[in-house]
Peer 1: 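Here's a structure for you.
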Amino acid sequence: MSLEKTAFAVRENAYAPYSQFKVGAAVLSEGGTIYAGCNVENIAYPEGTCAEAGAIAAMVAAGETKLNEVFVVADSKQPVSPCGGCRQKLAEFGGADTKVTLANLDGARVEMTMAELLPGAFGKDHLGDGHADRD
Ligand code: THU
């Protein structure tokens, strides 16, 4: 299945009884595998998790830590805008040029790079020396 189809399909499984806002995310890993995630809400509202976090967790659980492309979809008027936390989570595993596609159910799409999604991202350079690199 394509990245887009995977994101649309997994969105159907979102558990969003409180917001009624289902989100699907799919990431393409460097190894060429597609990982899917949906939002999973909780009666204790802050315990809910975003679709992007689920897709990233699936990728890392499978032993991969680099992603080459991202697709996120929700039933929003404008293509869904990932929350700030998810932008930082995606930036951890993607590069500045990683392609990110945001979509809604009506066919609207916005394509951007990771650097455009999270300009001025907090990164390892801010930590300075003495901190472990990820590689
Ligand atoms: N949500 C996501 O899963 N990803 C986004 O990019 C935006 C927001 C979820 C969180 C919550 O379950 C619902 O959408 C409403 O905020």
Side-chain angles (χ1 to χ4, degrees):
M1 232 195 299
S2 69
L3 202 61
E4 172 173 346
K5 281 207 168 96
T6 301
F8 272 75
V10 73
R11 181 189 160 275
E12 299 290 335
N13 294 339
Y15 177 75
Y18 308 110
S19 72
Q20 302 294 332
F21 188 72
K22 294 185 167 198
V23 185
V27 299
L28 174 66
S29 71
E30 191 179 57
T33 302
I34 291 175
Y35 298 94
C38 58
N39 52 332
V40 181
E41 297 184 347
N42 192 282
I43 186 64
Y45 295 170
E47 298 304 328
T49 51
C50 285
E52 296 89 329
I56 289 168
M59 179 183 78
V60 174
E64 297 205 64
T65 57
K66 284 190 177 152
L67 58 81
N68 283 347
E69 199 175 334
V70 182
F71 195 104
V72 189
V73 61
D75 189 11
S76 43
K77 203 168 171 194
Q78 308 293 336
V80 63
S81 179
C83 76
C86 283
R87 290 170 195 235
Q88 186 73 41
K89 288 183 179 77
L90 291 168
E92 178 75 19
F93 301 104
D97 296 330
T98 298
K99 181 178 162 189
V100 180
T101 304
L102 310 174
N104 68 12
L105 298 187
D106 301 327
R109 302 275 182 278
V110 170
E111 277 182 20
M112 59 180 69
T113 64
M114 191 73 76
E116 289 168 335
L117 185 72
L118 185 60
F122 178 74
K124 65 182 165 84
D125 291 346
H126 296 109
L127 284 180
D129 295 338
H131 294 273
D133 269 341
R134 50 158 286 158
D135 284 323

Peer 1: Give me the atom names and distance for the closest heavy-atom approach of Cys86 to Cys50.
Peer 2: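 Closest approach of Cys86 to Cys50: SG-CB, 3.3 Å.
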Peer 1: Step by step, work out the side chain to side chain contact (heavy atoms under 4.5 Å, CB included) result for Arg11 and Leu105.
Peer 2: CA-CA 11 Å; Arg11 181 189 160 275; Leu105 298 187; 3.8 Å; yes
Peer 1: Remaining members of Leu127's ILVMFWY cluster at a side-chain heavy-atom cut-off under 4.5 Å?
Peer 2: Phe122
Peer 1: Can you give me the closest heavy-atom contact between Ala36 and Thr6, atom names plus distance?
Peer 2: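 Looking at all heavy atoms of both residues, the shortest contact is CB-CG2, 3.6 Å.
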Peer 1: Glu116: what forms a salt bridge (Lys or Arg N to Asp or Glu O under 4.0 Å) with it, not counting sequence neighbours?
Peer 2: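 Scan of Glu116 (salt bridge (Lys or Arg N to Asp or Glu O under 4.0 Å), adjacent residues dropped) gives none.
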Peer 1: My understanding is that only residues two or more places apart in sequence, or in another chain, count here; which of them pass side chain to side chain donor-acceptor pair (under 3.5 Å) with Glu111?
Peer 2: none
Peer 1: Tell me the closest heavy-atom pair linking Ala103 and Ser76, and the distance in Å.
Peer 2: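 For Ala103 versus Ser76, the nearest heavy atoms are O-OG, 4.4 Å.
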Peer 1: Share the residues that join Val27 in a hydrophobic cluster, the rule being Ile, Leu, Val, Met, Phe, Trp or Tyr side chains under 4.5 Å apart at the heavy-atom level.
Peer 2: Phe21, Val23, Tyr35, Ile56, Met59, Val60, Leu67, Val70, Val72, Val80, Leu90, Phe93, Val100, Leu102, Val110, Met112, Met114, Leu117
Peer 1: Go through the structure and list residues passing side-chain contact (heavy atoms from CB on, under 4.5 Å) with Glu47, not counting sequence neighbours.
Peer 2: Asn42, Ala44
Peer 1: Considering residues at least two apart in sequence or located in another chain, which fulfil the side-chain contact (heavy atoms from CB on, under 4.5 Å) criterion with Ala9?
Peer 2: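 Ala9 satisfies side-chain contact (heavy atoms from CB on, under 4.5 Å) with Met1 once adjacent residues are dropped.
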Peer 1: Minimum heavy-atom separation for Ala25 and Ala7, please, with both atom names.
Peer 2: C-CB, 4.2 Å
Peer 1: Can you tell me which residue pairs pass the side chain to side chain donor-acceptor pair (under 3.5 Å) test with a partner in residues 14-31, sequence neighbours excluded?
Peer 2: Ser19-Glu41, Ser29-Glu64
Peer 1: Which atom pair, heavy atoms only, marks the closest approach of Leu3 to Ala26?
Peer 2: O-CB, 3.5 Å
Peer 1: To the nearest 0.5 angstrom, please state how far the CD atom of Glu52 sits from the SG atom of Cys83.
Peer 2: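 Interatomic distance, Glu52 CD to Cys83 SG, rounded to 0.5 Å: 6.5 Å.
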Peer 1: How would you list all residue pairs meeting salt bridge (charged side-chain N to carboxylate O under 4.0 Å, His left out) that involve residues 87-97, not counting sequence neighbours?
Peer 2: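 As it turns out, there is no salt bridge (charged side-chain N to carboxylate O under 4.0 Å, His left out) pair with a partner in residues 87-97 once direct neighbours are skipped.
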Peer 1: Over all heavy atoms of both residues, which pair between Lys77 and Asn104 is shortest? Give the atoms and the distance, please.
Peer 2: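 Scanning both residues, the minimum pair turns out to be O-ND2, 2.8 Å.
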Peer 1: Scan for ring pair (Phe, Tyr, Trp, His ring centres under 6.0 Å) pairs involving residues 57-84, sequence neighbours excluded, and state none if there are none.
Peer 2: none
Peer 1: Output all residues satisfying salt bridge (Lys or Arg N to Asp or Glu O under 4.0 Å) with Glu69, sequence neighbours left out; order by chain, then residue number.
Peer 2: Lys99
Peer 1: Measure the shortest side-chain to side-chain distance between Glu4 and Thr101 over non-hydrogen atoms and say whether it is less than 4.5 angstrom.
Peer 2: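 The answer is no, as the side chains (C-beta and beyond) never meet within the 4.5 Å cut-off.
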Peer 1: Going by side chain to side chain donor-acceptor pair (under 3.5 Å), name the residues that satisfy it together with Thr49, two or more places apart in sequence or in a different chain.
Peer 2: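 Partners of Thr49 by the side chain to side chain donor-acceptor pair (under 3.5 Å) criterion come out as none, since no residue qualifies.
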